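Just below is one structure, and these are the notes that go with it.
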Amino acid sequence: MAETQRALLAARISVDTDESTSIPRQLEHLHAWAEGLGHDVAGVVEDRAVSGSVDLPERPSMGPWLTEEGREKWDVLAVTTQDRLSRDDLHFMAFVKNVLDWGKKIIVLDDPSLDISTETGRLIAYAKATQAAAELRKIRQRVADSRDYLRRNGLFAGGHTPFGYLAEDSQDGKNRVLVPEEKYSKLLKEIAERVRSGVSTNQVARELNVAGTLTWRDYLRELRGKDARRRHGTALTEPKGTNWSPNVVRRILKHPSCAGFLAYKGEPYEDDEGNPVMATEYPILTHAEWRATIAAFESRGNSDIRRTGEASLLTGIARCGECGARMFCHRLKKTLATGEVKVYRHYSCTARSKGMPCVSPARIPEDLLNAVFEEALLSRLGELAEVVKVTEPGEDHTAELEQVTARLLRLEKDYENGRYDDEEKEESYWRTLGNLTRKQKELKAKPVRPAVTRFVETGLTWAQKWGGTNTGARRDYLTSRGVQVHVWKQAIPNVAHGVVVSLGDLKQLAQAAGLDSASIEGWQITGWNVPAHWTDPELREFPGLKLSPVPSVLRELRPE
């Protein structure tokens, strides 16, 4: 054309690597074309690592040029080949219609005769688009088949690298396999051991953050920055500084790769014989250790206590004795007449703030309730040796045996329903039946060894341990042990504040530390500024006494 037009030069590549020169080569051809015709370059589109199946308006670089504002800046869109525009025939033809409606043009360098303004040109363009779409389907099928082959053979199929492993070349150099990474495989073992010993995932995450330990993703980014072989495309090579969280720790520990299993959609991947496929020859945890670790944190459940920036010891643990609602620590700043700013901190019932009724909402100074609680706790446990509960994994193949048995039943049912009638399928049936039957016998013959739980002294007294632990870790520990604190605005007439402390499962630890049954009688529950019969069931039966009703929240507690 004689007139100068504003040209938008578009380049795209599906897989972008450091070694790829595709984008620069496409742009070199496009700039040469524009310069040869005297067109002004309105802009350059570089969509890297963008599949041809993605619709054009949704592409990060192309999309802004197709908005109403962006279209005002160009007259003709140029690409080197038609499939750089799209590999989806429906997307392509919808785009062609839009280009015509906008009064714009498309130029394809390898097919200069293509003219979408004519019926014949659009027909040719559509035929080429369907060819590109068919090729895309073939590519996807090849990728799916390849991934399925890799999974069935325990080879790394790409994607996110599991925690504690790195993908290295297999012995034949044709594929990739997972091998433990020295530093983080050791970290995974340590985390699992600590969780099995009773440490909460909240505390694990907190300690990792305090120590400045990089998350796995950040550590991989750091490795990429140090090793050119691991860098590719636009992959980050600098840590983002992401923090650990309890959910991240739990998600890591629940992943089948911990025990060396190949994972597919979060579950161990099985072969045609019902056997879990191993992703590595060197599992970081044994199967028994993995199952015991999961059981350890799932048995404690998830705390529903709201986390605040400034930790208070009994936030969420303390409850209003009147209505049972949780109490949270509220802080109020006041400026005194002297100009001094004083901060008042109180645990308060949250019922009214949530629209719930409470006749007498409890409210008590934070330092007072903390002191009452710590006195009740340390007067019973302080001088005892601190012990931790350690669970040693057992060996139990019941779940795997049930899975194989269920597959056998399904197989036999399918055989009865005629799904293996032809000769080739029947041969597959007998082979699968033999494999599953053999697997079932092997599992039945394996020993069942129960997990063993024991208590181990740490070398500290309970008071020493308590004094060396921060507030957040203390609160997590109390929550996991079922400790409860109930507070009343006034439990005894004309006496402000009343408190009942229940030490929950800590009684078990006291017994393990050597406290005998006689010494522990009535030990679990203690009261402060409350009627004696509230915490001593024997007094409730004393004849002739007119006693105030025991609050319902205390009747649920069962001191022994």
Side-chain angles (χ1 to χ4, degrees), residues 1-16 20 22-141 143 233-234:
M1 297 180 62
E3 62 177 307
T4 299
Q5 293 188 314
R6 298 168 300 168
L8 178 62
L9 312 182
R12 181 190 64 80
I13 186 171
S14 297
V15 179
D16 187 25
S20 175
S22 178
I23 291 286
R25 283 188 285 107
Q26 291 178 55
L27 294 177
E28 181 182 357
H29 293 313
L30 291 168
H31 278 290
W33 166 82
E35 185 178 350
L37 294 177
H39 292 326
D40 295 329
V41 176
V44 174
V45 170
E46 294 185 42
D47 277 315
R48 298 176 179 272
V50 177
S51 169
S53 64
V54 178
D55 204 358
L56 284 87
E58 297 175 5
R59 297 178 187 174
S61 184
M62 175 68 81
W65 291 97
L66 304 183
T67 63
E68 185 174 356
E69 180 182 356
R71 296 195 303 267
E72 296 299 321
K73 301 175 182 178
W74 58 275
D75 304 307
V76 57
L77 172 62
V79 292
T80 55
T81 59
Q82 185 172 326
D83 60 4
R84 297 300 176 187
L85 278 178
S86 180
R87 283 187 176 274
D88 185 298
D89 52 337
L90 298 180
H91 288 169
F92 177 75
M93 293 312 294
F95 181 66
V96 166
K97 181 180 183 304
N98 287 335
V99 169
L100 292 174
D101 291 342
W102 300 333
K104 311 291 183 181
K105 293 183 179 181
I106 295 175
I107 295 295
V108 179
L109 298 193
D110 78 337
D111 188 3
S113 62
L114 187 144
D115 183 0
I116 61 171
S117 65
T118 68
E119 292 184 1
T120 301
R122 290 194 295 273
L123 180 63
I124 294 172
Y126 180 68
K128 295 186 71 172
T130 56
Q131 290 174 359
E135 179 60 27
L136 178 62
R137 285 192 293 273
K138 290 179 181 177
I139 292 172
R140 285 177 169 172
Q141 187 60 51
V143 170
T234 57

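Worth saying up front: this structure is predicted, and the values here are computed from it rather than measured.
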*Output, in order, the C-alpha distance, side-chain angles, deciding distance and verdict of side chain to side chain contact (heavy atoms under 4.5 Å, CB included) for His31 and Val44.*
CA-CA 10 Å; His31 278 290; Val44 174; 4.1 Å; yes

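- Across Leu109 and His29, no two heavy atoms sit closer than the pair CD1-O, 3.8 Å.
- Within the 3.5 Å criterion, the main-chain N or O of Arg71 finds no donor-acceptor partner in the side chain of Trp102.
- For the side chain to side chain contact (heavy atoms under 4.5 Å, CB included) with Arg12, the qualifying choice from Leu85, Asp47, Val54, Val45 is Asp47, the only one to do so.
- The shortest heavy-atom contact between Lys73 and Ala42 is O-CB, 3.1 Å.
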_Candidate pair Leu77 and Lys104, rule side chain to side chain contact (heavy atoms under 4.5 Å, CB included), full reasoning_ = CA-CA 8 Å; Leu77 172 62; Lys104 311 291 183 181; over 6 Å; no

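- In plain terms, the two heavy atoms of Leu27 and Ala11 that are nearest each other are CD2-CB, 3.9 Å.
- Side chains of Thr80 and Trp33 form no contact here, defined as non-hydrogen atoms less than 4.5 Å apart.
- The shortest heavy-atom contact between Ala10 and Met62 is CB-CE, 3.7 Å.
- For the side chain to side chain donor-acceptor pair (under 3.5 Å) with Asp75, the qualifying choice from Lys105, Arg6, His39, Gln5 is Arg6, the only one to do so.
- The minimum heavy-atom distance between Glu72 and Glu68, with the atom names listed, is CG-O, 3.4 Å.
- Here the straight-line distance linking atom CH2 of Trp74 with atom CG of Leu66 works out to 6.5 Å at 0.5 Å rounding.
- In this structure, CG in Leu8 is found 11.0 Å from CD1 in Ile106, a value given to the nearest 0.5 Å.
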